[in-house]
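Start at 1 with the first residue, then count along the sequence.
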Amino acid sequence: MKHLLRIIEAGKQVGKSFSFNHNDCTYWSSVGIQKHGGAYKVYIDVIEESQMIAEVYEREEVTQFSTALEAIDYITSETQLDVEDLKTCKGQKIFNPSFE
């Protein structure tokens with residue numbers, strides 16, 4: 001966890017895209033976190049696999065927090081992702097933290 005916090009504090013984006021099953025349906029989700037402008041921004045999206053072509057997301061949000069630990073707690077409570085699976089985004093980013 002300390003390593004993850006150091007990466008976030010350095011302003012680098014960490015995230016992961018993954019799939020999970022719920023009620024016999026496959027869903028895809030992307031989760032990202034980045035320190036930007038003094039705040040910690042968390043991006044979460046969820047889309048049912050059958051809706052991917054139409055890009056009909058069940059959830060797509062950016063939420064701001066005042067500390068990295070609050071942001072991580074939110075990811076833990078609001079997603080299917082283990083925060084230990086978050087990795088530094090190289091090249092393609094999960095989200096643009098400049099957009100609200």
If you look only at distance, which donor and acceptor atoms sit under 3.5 Å apart when one is on a side chain in residues 82-95 and the other is two or more places apart or in another chain?
from: Asp82; atom 1: OD1; to: Glu84; atom 2: N; distance (Å): 3.0
from: Lys93; atom 1: NZ; to: Cys89; atom 2: O; distance (Å): 3.2

Strictly by salt bridge (Lys or Arg N to Asp or Glu O under 4.0 Å), give each pair with a member in residues 17-31 just once, sequence neighbours left out.
none
If you compare all heavy atoms of Pro97 against all heavy atoms of His36, which two are closest, and at what distance to 0.1 Å?
O-CD2, 3.4 Å
How far apart are the closest heavy atoms of Glu48 and Cys25, and which atoms are they?
OE2-SG, 3.5 Å
For Ser66, give me all partners under side-chain hydrogen bond (donor to acceptor under 3.5 Å, both in side chains), at least two apart in sequence or on another chain.
Glu70
Please assess Asn96 against Tyr43 for the test side-chain contact (heavy atoms from CB on, under 4.5 Å), listing each intermediate value before the final yes or no.
CA-CA 9 Å; Asn96 182 341; Tyr43 174 85; over 6 Å; no
Between the main-chain N or O of Ser30 and the side-chain N or O of Asp45, is there a donor-acceptor pair closer than 3.5 Å?
yes
Can you name the residues that form a side-chain hydrogen bond (donor to acceptor under 3.5 Å, both in side chains) with Glu49, not counting sequence neighbours?
Trp28
Is there a side-chain contact between Val62 and Val42 in this structure, where contact means two heavy atoms from C-beta onward sitting under 4.5 Å apart?
no
Going by salt bridge (Lys or Arg N to Asp or Glu O under 4.0 Å), name the residues that satisfy it together with Arg59, two or more places apart in sequence or in a different chain.
Glu61, Glu78
Between Tyr40 and Ile8, is a side-chain contact (heavy atoms from CB on, under 4.5 Å) present by the stated rule, with each step listed?
CA-CA 8 Å; Tyr40 299 84; Ile8 294 168; 3.8 Å; yes
Please enumerate all residues that pass side-chain hydrogen bond (donor to acceptor under 3.5 Å, both in side chains) together with Lys35, with sequence neighbours excluded.
Glu9
Cluster check Ile47, Phe18: I/L/V/M/F/W/Y, side chain < 4.5 angstrom
no
Between CD1 of Ile75 and CD1 of Ile33, what distance do you get to the nearest 0.5 Å?
4.5 Å
Please name all residues satisfying side-chain hydrogen bond (donor to acceptor under 3.5 Å, both in side chains) with Asn21, sequence neighbours left out, ordered by chain then number.
Thr26
Among residues at least two apart in sequence or on other chains, which ones pass ring-ring contact (aromatic ring centres under 6.0 Å, His included) with Tyr74?
Phe65
Keeping to residues at least two apart or across chains, list the salt bridge (Lys or Arg N to Asp or Glu O under 4.0 Å) pairs with something in residues 12-22.
none
Under the ring-ring contact (aromatic ring centres under 6.0 Å, His included) test, residues paired with Phe20 that sit two or more places apart
Tyr27
Sorted by chain and residue number, the side chain to side chain contact (heavy atoms under 4.5 Å, CB included) partners of Leu5 (sequence neighbours excluded) come out as Met1, Ala68, Leu69, Ile72
Quick one: closest heavy-atom pair of Gly11 and Gln34, and the distance?
O-NE2, 3.0 Å
